[in-house]
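Only one structure is covered here, and it is reproduced in the block below.
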2 protein chains.
Amino acid sequence: MSRGQTPTTTSYATLGLLAVQPWSTYELTNQIRRSLARFWPRAASKLYEEPRKLVALGYATAETQHQGRRRRTVYAITPEGRRALAAWLATTGAPPALESEQLLRVFLADQGTRQDLLDTLAATRAWARERAVVDAAIAREHLGGGPFPQRLAVNTLVGRYLSDMSEATERWADWASEIVRDWPDDLSELPVDTDALQMIADRDPAGR
Amino acid sequence: MSRGQTPTTTSYATLGLLAVQPWSTYELTNQIRRSLARFWPRAASKLYEEPRKLVALGYATAETQHQGRRRRTVYAITPEGRRALAAWLATTGAPPALESEQLLRVFLADQGTRQDLLDTLAATRAWARERAVVDAAIAREHLGGGPFPQRLAVNTLVGRYLSDMSEATERWADWASEIVRDWPDDLSELPVDTDALQMIADRDPAGR
DNA sequence: GGTGACATACTCCCATGGGGAGTACTCCCC
DNA sequence: GGGGAGTACTCCCCATGGGAGTATGTCACC
């Protein structure tokens, strides 16, 4: 590496957007917030630092433009940047990780009330539905022809994953709510859903 | 708050485990790694600090035991801790967040080769399968009667979610691989899967 | 009874990242 | 010509990630 920092995954995420077209940092953060953030959430303040790192690495060039007395910096990918991106794409990377405060609340639900749990499940469901509506709107936009047709095929793969996730979340929340509704108020002795456990066990047919 | 730090979500996660029974910090980190880490991943070094914070807040007590010349600290929840936990469970918390380096690679796949993408999809699928096997083993253990029967019902709810997620991931990886297999080597002009887009759009029936 | 290997039981520290506050200009509408 | 939304950033504190390091106890096996 040309000196100093080594590129992080976020660096390559930024580089990948620059591979599509040059962007100003502000546009870059917006692009990230509207698409990438769903599976690679990062703080906006840090995103502003990434393009500078890319320039230091020789992966991008910076061009300062002026509108009146306000300056903006537009970044573009270099051939070396494209090579680095291609090399990174050939590596595999960390598997998906889930982070859910709401699921944590479900996990500890026996220390609270039944209503608390139902509320949490309702919030999860509402979130999943909201995602579905947003994803549907984006899909409809693409069906009508979007801004980057050459990116539509991969976008569809990713969109399908996100849609599958939120759909599974919605279904799960409905299933769980139905079960919890039948629970007694005292959560210290609850009926066990043997069928659900058996279903999970059956996902490994080889398991003894 | 009794002074100093305010409890974080990780504090309540720790408190929730202490609500089940007293644990030493070492046991606590192991419990977290084997269950909680799936939906609330945190660095082990930080988990060692949490119980101390709980003591400072009056939510837990620490008892130092000795085995020979080695000391261990066992933490137990206080009534005040139980009240705080119950109050926290009545709040809703942040929705699920996904973090996937692999999905990021799919998103940027048009800058790499078709084989890179197939490799990434294979890695995702392998991870999902591995999860299914682990979850199945845990479910089978529970079906045979586990250590905390009073926790089994909520554990089943959470387990079902994790299982649904990994199952959806596995299916998606299979679906995506099949599509990508038919793509040409040149990824700059790819066929668009209109059916998939339509499916995503249809998840919002109200959408115009 | 000696000696690994593995489990238990932590502490410390640096760099990274999260997240919010703050600044200022530009464009457009009313 | 005044206000508000959008553009274009910078700065900084603190929490967290993640790895290195230290030491003791237990058990199997030769």
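When reading the values below, keep in mind they use all heavy atoms of this one structure, side chains included, and skip hydrogens, waters and symmetry mates. Note on naming: letters A, B, ... go to the chains in the order of the sequence lines (proteins, then strands), and numbering restarts at 1 for each one.
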Is the backbone of Arg171(B) close enough, under 3.5 Å, to the side chain of Asp174(B) for a donor and an acceptor to pair up by distance? no
Judged by nearest nucleotide, the residue sitting upstream toward the 5' end of DNA chain C, Arg52(B) or Tyr26(B), is Tyr26(B)
Does NZ or CZ of Arg105(A) fall inside the cone over Trp88(B)'s six-membered ring, less than 6.0 Å from its centre and within 45° of the axis? yes
Specify the separation, in whole Å, of atom CH2 of Trp40(A) and atom P of dT16(C). 15 Å
Within the structure shown, what part of the strands sits under 4.0 Å from Pro51(B) by heavy-atom distance: base, sugar-phosphate, or nothing? nothing
Using atom CZ of Arg72(B) as one end and atom P of dT11(C) as the other, report the distance to the nearest whole Å. 14 Å
Rounding to a whole Å, what distance do you find between Glu50(A):CD and dG18(C):C1'? 14 Å
Within the structure shown, what part of the strands sits under 4.0 Å from Ser24(B) by heavy-atom distance: base, sugar-phosphate, or nothing? sugar-phosphate
Base, sugar-phosphate alone, or nothing: which one does Thr73(A) contact when heavy atoms must sit under 4.0 Å apart? sugar-phosphate
So that I can tick it off, tell me whether Arg42(A) and Glu99(B) are bridged by a salt bridge, with the cut-off set at under 4.0 angstrom between side-chain N and carboxylate O. yes
Rounded to whole angstroms, how far apart are NE2 on His66(A) and C1' on dC25(C)? 13 Å
For Tyr48(A) and dC9(D), give me the distance from atom OH to atom P, rounded to whole Å. 6 Å
Charged N to carboxylate O below 4.0 Å: is that the case for Glu50(B) and Lys53(B)? yes
Lys/Arg N to Asp/Glu carboxylate O, Glu170(B) vs Arg203(A), below 4.0 Å: yes
Contacts of Val74(A) and Glu49(B) projected onto DNA chain D by closest heavy atom; the upstream (5') one is Val74(A)
Here the distance between atom P of dT26(C) and atom CD of Gln65(A), to the nearest Å, is 14 Å
What contact category does Thr10(A) fall into here, base, sugar-phosphate, or nothing, at under 4.0 angstrom with non-hydrogen atoms? nothing
Against the six-membered ring of Trp175(A), is Arg160(B) placed for a cation-pi contact (under 6.0 Å from the centre, within 45° of the normal)? yes
Re dC30(C): Watson-Crick or G-U wobble partner, both distances kept under 3.5 Å, found to be dG1(D)
Whole Å only: how far is the CD atom of Glu99(B) from the C1' atom of dT16(D)? 13 Å
Quick one: Arg42(A) CZ to dG17(D) P, roughly how many Å, whole number? 11 Å
Given protein heavy atoms under 4.0 Å, the one-letter contact record of nucleotides 20-26 of chain D, with B base, S sugar-phosphate only and - none, is simply ----BS-
side-chain hydrogen bond (donor to acceptor under 3.5 Å, both in side chains), that's the test. Do Trp40(A) and Thr9(A) meet it? Break it down for me. CA-CA 9 Å; Trp40(A) 196 251; Thr9(A) 300; 5.9 Å; no
